Novice: 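Have a look at the structure that comes next, please.
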Amino acid sequence: MHPPANPEGPGQRRDQVPAPGPGSSAQHYHAWGRQLAEAARYGEAIRAFDQALALEPTAAAVLLAKGQAWAAQEDFGQALEVFAEVVRYHPQLAVGHLSKGNAEFAQRQFDVAVASYRRALSLQDQPLEDRVGCLNNLGTALAASSHWDASIDAFREAIAADAQSVVSRVNLARALLCRQDLAEAVEVCHEIIQRDPQRVEGFALLGQCWQVVGMPAAASECLERALTLQPEAIDLRIQLGNAQSAEGQLTAAAESYRQVLSAVPDYAEVHSNLGEVHRRAGQLGAAMQAQRQALTINPQLHETHSNLLL
């Protein structure tokens with residue numbers, strides 16, 4: 001989840017700001033801090049924002065920029081403290097509640113994040129982009145607490161607000177899949193692929209849908225397409241191996257698992273999956289070797305997979 005846009009507007013080109021000196025204004029320190037933040041010099045940026053706040057302690061734009069600098073360093077506790085100040089001083093500023101919700105979400109405080117997002121959505125000063133982003137963040141926070149119905153409603157509202165949003169459809173498809181609404185999930189995945197054929201999530205989620213409904217050949221086809229778009233995706237490679245195994249394509253499944261292990265040699269579950277494929281192929285020596293490697297890495301797999309050692 002990304003920090004919300006600065007109320008002064010993201011990505012605007014500005015002239016270089018000279019370093020402030022004695023007698024500089026709060027606006028000068030703020031502009032200098034933003035320039036430092038754009039150069040990823042976040043610690044210096046925060047000090048500049050503090051200088052601005054010493055002159056104007058309740059300045060919303062400065063507080064937001066300071067909180068975003070903390071968030072960019074993944075210090076979400078500090079970010080949350082600053083965004084809480086924004087909300088306290090400016091309770092009608094939607095981006096303050098949105099930013100506070102993002103920091104709460106990053107700290108896995110999902111219920112309070114939901115409340116912050118809902119408060120932001122109740123206010124009317126957001127541009128469309130921020131509103132759609134807030135709806136997606138709300139849906140994601142609800143999904144993190146397994147509130148699937150409310151989550152799906154939020155993603156549908158995001159699509160209603162911006163019919164072109166592919167991100168909202170990806171989130172909706174993922175939530176529908178988790179709720180086992182597979183027919184609608186498949187439909188949404190096809191919409192994603194139609195709107196953005198280069199979007200890996202469309203093929204990946206569609207492959208997961210086919211796997212759940214027991215169509216491993218279709219799942220393999222979709223996952224292979226997803227991997228052409230994102231070849232380094234370990235989770236997709238594992239899913240492909242699982243689909244190939246379910247399809248009975250044991251040689252192909254073994255190769256998929258080996259590719260995973262070449263990148264992540266200590267992945268115990270994949271060693272175990274490889275062992276199971278070897279067992280089904282009648283390659284018992286290789287099966288036992290793979291399973292022993294899995295148990296060496298993670299002895300807790302023993303109860304589940306000890307049949308390979310019999």
Side-chain angles (χ1 to χ4, degrees), residues 1-12 14 17-21 23-142 144-145:
M1 185 174 295
H2 302 289
N6 190 299
E8 294 185 11
Q12 295 179 346
R14 290 180 292 275
V17 178
S24 292
S25 67
Q27 291 77 12
H28 192 170
Y29 280 113
H30 177 209
W32 176 244
R34 290 188 64 183
Q35 184 170 287
L36 291 168
E38 288 173 357
R41 295 163 62 181
Y42 299 116
E44 296 171 77
I46 289 167
R47 288 192 288 274
F49 296 140
D50 282 337
Q51 295 276 52
L53 291 167
L55 298 170
E56 295 185 12
T58 66
V62 182
L63 286 167
L64 285 166
K66 179 181 176 182
Q68 289 159 4
W70 281 119
Q73 298 179 99
E74 299 188 354
D75 192 334
F76 296 108
Q78 292 282 0
L80 182 53
E81 289 183 14
V82 178
F83 293 138
E85 289 185 62
V86 177
V87 169
R88 183 167 64 252
Y89 294 134
H90 308 279
Q92 299 304 309
L93 186 64
V95 72
H97 294 280
L98 173 57
S99 301
K100 179 171 172 282
N102 288 347
E104 290 161 344
F105 184 95
Q107 293 199 303
R108 303 185 67 80
Q109 299 175 19
F110 300 125
D111 290 341
V112 287
V114 165
S116 292
Y117 293 140
R118 284 180 168 153
R119 177 58 179 154
L121 290 164
S122 73
L123 301 169
Q124 301 301 317
D125 67 338
Q126 298 178 94
L128 173 63
E129 182 181 356
D130 287 345
R131 183 171 183 81
V132 171
C134 191
L135 284 164
N136 276 293
N137 291 357
L138 171 62
T140 303
L142 288 162
S145 301

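Computed over heavy atoms, backbone and side chain alike; hydrogens, waters and symmetry mates excluded. Here, residue 1 is the first one in the sequence, and each next residue gets the next number. Given the structure is predicted, the values throughout are model-derived calculations rather than measurements.
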Novice: Can you find a side-chain donor-acceptor pair between Ser116 and Arg119 that sits under 3.5 Å?
Specialist: no
Novice: For the residue pair Ile46 and Ala69, what are the closest heavy atoms and their distance?
Specialist: CG1-CB, 3.7 Å
Novice: Verify the ring-centre separation between Phe49 and Tyr29: is it less than 6.0 angstrom?
Specialist: no
Novice: I'd like to know if the side chain of His28 and the backbone of Gly23 have a donor-acceptor N/O pair within less than 3.5 Å.
Specialist: no
Novice: Would you say His90's side chain and Thr58's backbone share a donor-acceptor pair under 3.5 angstrom?
Specialist: yes
Novice: If you compare all heavy atoms of Glu85 against all heavy atoms of Leu63, which two are closest, and at what distance to 0.1 Å?
Specialist: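 That closest heavy-atom pairing would be OE1-CD2, 4.0 Å.
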Novice: What's the spacing between Gln51 CD and Ser25 OG if we round to 0.5 Å?
Specialist: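 Nearest 0.5 Å value for the CD-OG distance: 12.0 Å.
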Novice: For residues Ala59 and Leu53, report the shortest heavy-atom separation together with the two atoms involved.
Specialist: O-CD2, 4.2 Å
Novice: Measuring only between side-chain heavy atoms, which start at C-beta, is Phe105 closer than 4.5 Å to Thr140?
Specialist: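 Answer yes - side chains close enough.
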Novice: Measure across Val86 and Gly96 and return the closest heavy-atom pair with its distance rounded to 0.1 Å.
Specialist: CG1-CA, 3.8 Å
Novice: Would a 4.5 Å heavy-atom cut-off, applied to side chains only, mark Tyr42 and Leu36 as touching?
Specialist: no
Novice: Starting at CD of Glu104, measure out to CG of Leu80 and round the result to the nearest 0.5 Å.
Specialist: 5.5 Å
Novice: Rounded to the nearest 0.5 Å, what separates atom CZ in Arg118 from atom SG in Cys134?
Specialist: 11.0 Å
Novice: Nearest 0.5 Å, please: how far is CG in Asn137 from CG in Asn102?
Specialist: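 One gets 5.0 Å once the value is rounded to the nearest 0.5 Å.
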Novice: Salt bridge (Lys or Arg N to Asp or Glu O under 4.0 Å) with Arg47: which residues, sequence neighbours excluded?
Specialist: none
Novice: Quick one, Gln78 and Val82 - any side-chain contact, counting heavy atoms below 4.5 Å?
Specialist: no
Novice: For Tyr117 and Ala141, which heavy atoms make the closest approach, and how far apart are they?
Specialist: CE1-CB, 4.1 Å
Novice: Answer whether the closest heavy-atom distance between the side chains of Arg41 and Gln35 falls below 4.5 Å.
Specialist: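 SC-SC contact between Arg41 and Gln35 ruled out.
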Novice: Taking the side chain as every heavy atom from C-beta outward, state whether His97 and Leu123 have any atom pair closer than 4.5 Å.
Specialist: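 Contact flag for His97/Leu123 side chains = yes.
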Novice: Identify the two heavy atoms, one from Ala37 and one from Ala45, that lie closest to each other, and give their separation to 0.1 Å.
Specialist: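 Smallest interatomic distance, heavy atoms only, reads N-CB, 3.7 Å.
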Novice: Measure the spacing between CG of Leu55 and NE2 of His30 and express it to the nearest 0.5 Å.
Specialist: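 It comes to 13.0 Å.
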